[in-house]
Amino acid sequence: MLGLGSGISATKLFQPNDISECVLAFHASDGVSVTEDSGILIVDSWMDQAGTLSNGSRIYATQVSTKRPVWNYSHITFDGANDRLDLNEADGTDVEVILDTSDGGWTILAVYSSDDWSAGNEAILGDPDNSQNFLRHKPGSPNQVEIKINNNIKRFDLSEALNNGRYHAIMVTASADSTSELICYIDGVALVDTETIANTNDLQIEQLAAKAGIDNLDGNIKHIVVYDKILSSDERTLLNDWASRYTAVL
């Protein structure tokens, strides 16, 4: 387990890492290191808000190319080409967040916007080594959210594309049954499709806004939160209510 929350507290403003077993929490307004380049604030790194690794190090999402995403005070903008961020420690050591369903399942939430859904298969997060693990949206008719877990692909049909000038909260959960149920929620509403995947497959996350250096996101990310468990209905309500504050307008 990479990080622990301190339990839900009603005495202070809710934050996603207040829910236990939060292993990754990136918030674009927090922990962003930037430099100025010709008047543009360029993202150098994005510090995990979930806590520390077992060795006491922090996780960072850092730029991996000379063309880096841009920080816009409330979100990070990716250009759909080269912009992406790798997970690592401060010294550059690679970090792999591996989620499995053997100990209670997992949950991913991303609050993001897409500028051009039709441009390509835009990954929100993924594995840069072999493209066997990712969460992305996929152009087509109907439009789809797609998750690939070690070459097992599950797709969820959408009634409309999400490039409509709004942020959207995409949540994906994987249960801990012998055949794990995958559920995808858009803005708190479960999609009609539910599909299953063998629980021997682990989801590996190493990169944000891309997979294997391709399929880069063309749009903005406000938040990415990952839990090493299935959220309870109460926890999901808290998280959805929190995310809804960021999904009204661009």
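Below, all heavy atoms of this structure are taken into account, side chains as well, without hydrogens, waters or symmetry copies.
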Item checked: Minimal non-hydrogen separation, N17 against A50, with atom names -> CB-CA, 4.3 Å
Item checked: Minimum-distance pair of heavy atoms, taken over all atoms of K148 and S131 -> NZ-O, 3.3 Å
Margin query: We want to know whether S57 and N55 form a side-chain donor-acceptor pair, criterion being a heavy-atom distance below 3.5 angstrom.
Written below: yes
Next item on the list: To the nearest 0.5 Å, tell me how far D202 CG sits from D100 CG.
Entry: 5.0 Å
Next item on the list: Using atom types as modelled and distance alone, determine if a side-chain donor or acceptor of D18 lies under 3.5 Å from a backbone N or O of Q15.
Entry: yes
Checklist line | Minimum heavy-atom distance M171-L239, with the two atoms named | finding: CE-CD2, 3.7 Å
Checklist line | Nearest-0.5 Å distance, CD1 of residue I153 to CD of residue Q144 | finding: 10.0 Å
Margin query: Which heavy atom of H27 sits nearest to which heavy atom of P16, and what is that distance?
Written below: CE1-CG, 3.8 Å
Check: Is any side-chain N of the basic residue among R58 and D48 closer than 4.0 Å to the acidic one's carboxylate O?
Finding: no
Item checked: Distance (rounded to the nearest 0.5 Å) between L217 CG and D115 CG -> 8.0 Å
Next item on the list: Would you mind reporting whether D129 and Q204 have side-chain heavy atoms less than 4.5 Å apart?
Entry: yes
Item checked: Criterion side chain to side chain contact (heavy atoms under 4.5 Å, CB included) on F156 and I147, from CA distance to verdict -> CA-CA 9 Å; F156 301 93; I147 187 164; 4.2 Å; yes
Next item on the list: Indicate yes or no: at least one non-hydrogen side-chain atom of V43 is less than 4.5 angstrom from one of Q63.
Entry: no
Notebook entry, point to check: Same cluster or not: are F26 and V34 linked, directly or through other Ile, Leu, Val, Met, Phe, Trp or Tyr residues, by side-chain heavy atoms under 4.5 angstrom apart?
Noted result: yes
Check: Any side-chain heavy-atom pair from Y112 and H137 closer than 4.5 angstrom?
Finding: yes
Notebook entry, point to check: Where do L231 and T107 come nearest, in terms of heavy atoms and distance?
Noted result: N-OG1, 3.5 Å
Check: Among the clusters formed by ILVMFWY side chains lying less than 4.5 Å apart, do I40 and L85 turn up in the same one?
Finding: no
Note to self: Just so I know, are the side chains of E235 and K229 near enough to count as touching, which here means a heavy-atom distance under 4.5 Å?
What the structure shows: yes
Next item on the list: Kindly work out whether a path of hydrophobic side-chain contacts (I/L/V/M/F/W/Y, heavy atoms less than 4.5 Å apart) joins I205 to Y60.
Entry: no
Next item on the list: Applying side chain to side chain contact (heavy atoms under 4.5 Å, CB included) between Y185 and each of L191, L109, T173, report the one that passes.
Entry: T173
Margin query: How long is the straight-line distance from CG of L41 back to CD of E36, given to the nearest 0.5 Å?
Written below: 6.0 Å
Next item on the list: Find out whether S114 and E122 are in side-chain contact, i.e. whether some heavy atom of one side chain is under 4.5 Å from a heavy atom of the other.
Entry: yes
Checklist line | side chain to side chain contact (heavy atoms under 4.5 Å, CB included) evaluation trace for I186 with V145 | finding: CA-CA 10 Å; I186 304 294; V145 170; 4.2 Å; yes
Item checked: pair I221-W46: side-chain heavy atoms closer than 4.5 Å -> yes
Notebook entry, point to check: Do side-chain atoms of S175 reach the backbone of E181 as a donor and acceptor pair under 3.5 angstrom?
Noted result: yes
Note to self: Count I, L, V, M, F, W, Y as connected when their side-chain heavy atoms are under 4.5 Å apart, and connections chain through other members. Are V23 and I230 then in the same cluster?
What the structure shows: no
Margin query: Please evaluate residues T247 and V111 with respect to the criterion side chain to side chain contact (heavy atoms under 4.5 Å, CB included), reporting the C-alpha separation (whole Å), side-chain torsions for both, the decisive distance (0.1 Å), and the verdict.
Written below: CA-CA 7 Å; T247 58; V111 179; 4.1 Å; yes
Check: Which heavy atom in M47 sits nearest to a heavy atom in Q49, and how many Å separate them?
Finding: O-NE2, 2.8 Å
Note to self: Checking side-chain hydrogen bond (donor to acceptor under 3.5 Å, both in side chains) between R68 and each of D44, D83, D79, which is the one that passes?
What the structure shows: D44
Note to self: Any non-hydrogen side-chain atom of Y246 less than 4.5 Å from a side-chain atom of S74?
What the structure shows: no
Checklist line | I224 with V97, same ILVMFWY side-chain cluster at under 4.5 Å | finding: yes
Item checked: Student check: side-chain heavy atoms of E21 and W106 closer than 4.5 Å -> no
Notebook entry, point to check: Got a second to check how far N220's CG is from H75's NE2, nearest 0.5 Å?
Noted result: 4.0 Å
Notebook entry, point to check: From I42 CD1 over to W71 CH2, what is the distance, rounded to the nearest 0.5 angstrom?
Noted result: 12.5 Å
Check: Looking at E146 and R155, does any basic side-chain N land under 4.0 Å from a carboxylate oxygen?
Finding: yes
Check: Under 3.5 Å, is there a donor-acceptor pair linking the side chains of D86 and T62?
Finding: no
Next item on the list: Check the pair E206 / L87 against side chain to side chain contact (heavy atoms under 4.5 Å, CB included), numbers first and verdict last.
Entry: CA-CA 5 Å; E206 296 184 63; L87 299 184; 5.5 Å; no
